[in-house]
Amino acid sequence: MLDFNLTPEQREVRKQARAFALLEVLPVAWEYDEKDEVPLFVLEKAFSAGLMNTDIPRHYGGKGFGILESALITEEVAAACPGLATSIFDNSLGMGPLLLSSNEKLKTNYLGEIRKNFKLICFATSEPVTGSDVSGIRCLAEADGADFVLNGSKYWITNGGIADYMTIFATVDPKLRYEGIGAFLIEKNWPGVSIGRPIPKLGQRCSNTVGIRFENVRVPKENIIAPPGEGFALAMKTFARTRPVIGAFAVGAARSAMEYAIDYVKKRRAFGKKLVNFQAVQFKIADMYQKVETARLLTWKAAWEADNGIDPTISASVAKLYAAEAAQEVVDEALQVFGGYGYTRMFPLEKLLRDTRLFRIYEGTSEIQRVILSGFALNDYKPVMPALEDLPLLRNGVSRDGRPPGKDRNAWRCRMCGHIHYGNRAPDMCPYCFFPERAFKKIRSRP
Ligand SMILES: Cc1cc2nc3c(=O)[nH]c(=O)nc-3n(C[C@H](O)[C@H](O)[C@H](O)COP(=O)(O)OP(=O)(O)OC[C@H]3O[C@@H](n4cnc5c(N)ncnc54)[C@H](O)[C@@H]3O)c2cc1C
């Protein structure tokens, strides 16, 4: 049964997130974007309002919300500021591997701490030399007794400069690729951890992005989230749960752009009438609306799968890919209907355009989503239709060249050009493409 109704609890969460976005996020977004700085107090307010860390299970004292609730909250916050939404949601990305880990003691300790106190946790697979190729991680984790010692660096780490805890993926040997990677929970204040300068970015400037360096950082065995060999799969499982929420970021940003465009075209005049009266403009709004709706449906489907024990990997990629690309198109078209005003820093479109651009890059670029989806479609997807060479006759009882089959009993299909030949045996050569007899497949025996 399909049901797109939200529960009363989900509607309440969305209402709360919407109010938070309008009252706490929107009023500071532009100022902090200009300053290129994270308004940490907004993150603290989100924590106090119960809008962060919502996916900590009840078992660990958390709210036990699902990915769908995360998507609902994120759409609202991202509608006000995608950068701040990234900062707020980053705890769920940072905690993701821990939530999926079997290290119960570590979970109890850190999830308990993150739930009770305002603590940030970041997530780090990317490095200066490898991002898309997670199996190419070079940050070293050398075994020292039961402990590990980390050496290397991470790059592009959201909240890395302000996080208390870090989920770090590192390898015992880069040559082992997938099989060498483990995941470790590091504290910012441990000896040997140093933080780079905030990376100056095009957009999402209300989020902090840095490099992190590890020099002989000792990780006690208690802080192993996943032992070497299990880290890569854990990172992928984490992405499968967070990518639907990236879809929600994109929906939120696109929704705002569409709403600003609707407002603008109802007021702006050209050629003696309001922009809204031009059908070309109306159709732009229609396209924006269908893209926002489609992106949300795909996002909710992926989130629903994750919450219902179905492997969401493929739906998450579909949602992330579609929503990120659609948001880019929606924001760009919204800016277009503003004309020159859209290009200024006085209206919100230019910030949305800069912020939205990131959705196609982080948590797996659009190209990497296509790698995942083409891999699935070409290898694992189970087709319904028979193979082309096994299709039934396209025109029953009559060959494609219009000649009746006569009294001959069998039909043969040329696998190269599709020609159907009727006869007791295949022809020596296809009369269309000249392929030899062995190109023909017997497709039926007439009764
Ligand atoms: C603002 C920001 C925040 C980020 N936050 C985090 C974070 O918190 N934690 C973290 O670990 N990472 C984070 N990232 C890193 C992000 O996930 C990577 O930038 C992204 O995965 C791409 O990796 P890359 O930059 O190394 O590009 P590359 O992997 O070098 O790719 C370069 C280009 O080649 C394409 N490409 C690569 N491989 C293929 C392929 N097989 N087929 C087709 N095309 C391909 C890519 O799509 C891309 O267009 C963040 C990045 C940014 C910009």
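Just so you know, these numbers use all the heavy atoms, side chains as well, and skip hydrogens, waters and symmetry mates. When a ligand or atom number is given, it counts from 1 through the structure's own listing order. Just so you know, these numbers come straight off a predicted model, no measurement behind them.
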Can you tell which of Leu150, Asp144, Val149 makes a side-chain contact (heavy atoms from CB on, under 4.5 Å) with Asn216? Val149
Could you check whether atom 31 (O) of ligand 1 has a protein contact, counting only heavy atoms that fall below 4.0 angstrom? yes
I need the atoms of ligand 1 closer than 4.0 Å to a non-hydrogen atom of Thr365, numbered in the order shown. 22 (C), 46 (C), 47 (O)
Atom 35 (C) of ligand 1: any protein heavy atom closer than 4.0 Å: no
Ligand 1 to Ile157 polar contact by distance, N or O atoms, under 3.5 Å: no
Would you say Thr130 and ligand 1 have an N/O pair spaced under 3.5 Å apart? no
Between Phe338 and Tyr343, does the ring centre distance come in under 6.0 Å? no
The test is ring-ring contact (aromatic ring centres under 6.0 Å, His included); show your working for Phe184 and Phe148 and say whether it passes. CA-CA 9 Å; Phe184 308 89; Phe148 282 88; 5.2 Å; yes
For Thr242 and Glu363, which I'm curious about, is there any donor-acceptor pair between the side chains at under 3.5 Å? yes
For atom 20 (C) of ligand 1, the closest protein heavy atom turns out to be Ile361 O, 3.5 Å
Aromatic plane relationship, Phe249 with Phe89 - under 30° parallel, 30 to 60° tilted, over 60° perpendicular: perpendicular
Can you tell which of Ile162, Ile88, Thr86 makes a side-chain contact (heavy atoms from CB on, under 4.5 Å) with Ser207? Thr86
So which protein heavy atom does atom 10 (C) of ligand 1 come closest to, and at what separation? Ser126 OG, 3.4 Å
Ile137 side chain reached by Glu127 side chain, heavy atoms, under 4.5 Å: yes
Need the ligand 1 atom indices (1-based, order shown) with element for anything under 4.0 Å from a heavy-atom of Ala124. 11 (O)
Non-hydrogen atom of Gln204 closer than 4.0 Å to ligand 1: no
Would Glu367 count as a polar contact of ligand 1, with the cut-off being nitrogen or oxygen pairs under 3.5 Å? yes
Identity and separation of the nearest protein heavy atom to atom 24 (P) of ligand 1: Gly131 CA, 3.9 Å
Per-residue contact class, Glu363 against ligand 1 - non-hydrogen pairs under 4.0 Å: backbone
Name the closest protein heavy atom to atom 25 (O) of ligand 1, giving the residue it belongs to and the distance to 0.1 Å. Trp156 NE1, 3.9 Å
Looking only at protein heavy atoms, which one is nearest to atom 29 (O) of ligand 1, and how far off is it? Ser132 OG, 2.6 Å
Which one of Leu120, Asn159, Ile186 satisfies the side-chain contact (heavy atoms from CB on, under 4.5 Å) criterion with Met166? Ile186
Among Val210, Ile368, Leu358, the residue with a heavy atom nearest to atom 1 (C) of ligand 1 is Leu358
With a 4.5 Å limit on heavy-atom distance, are the side chains of Phe123 and Phe239 in contact? yes
How far is atom 9 (N) of ligand 1 from the closest protein heavy atom, and which atom is that? Phe123 O, 2.8 Å
If you draw a 6.0 Å radius around OH in Tyr60, do more than 12 non-hydrogen atoms from other residues or ligands fall strictly inside? yes
Is it the case that Asn109 and Glu113 place a side-chain donor and acceptor less than 3.5 Å from each other? no
Would you say the side chain of Arg14 lies within less than 4.5 Å of the side chain of Leu6, judging by non-hydrogen atoms? yes
Strictly less than 4.0 Å: does any protein heavy-atom distance to atom 12 (N) of ligand 1 fall in that range? yes
Which ligand 1 atoms does Val371 reach within 4.0 Å, using its non-hydrogen atoms? 42 (N)
Region of Thr158 that comes within reach of ligand 1 [heavy atoms, distance under 4.0 Å]: both
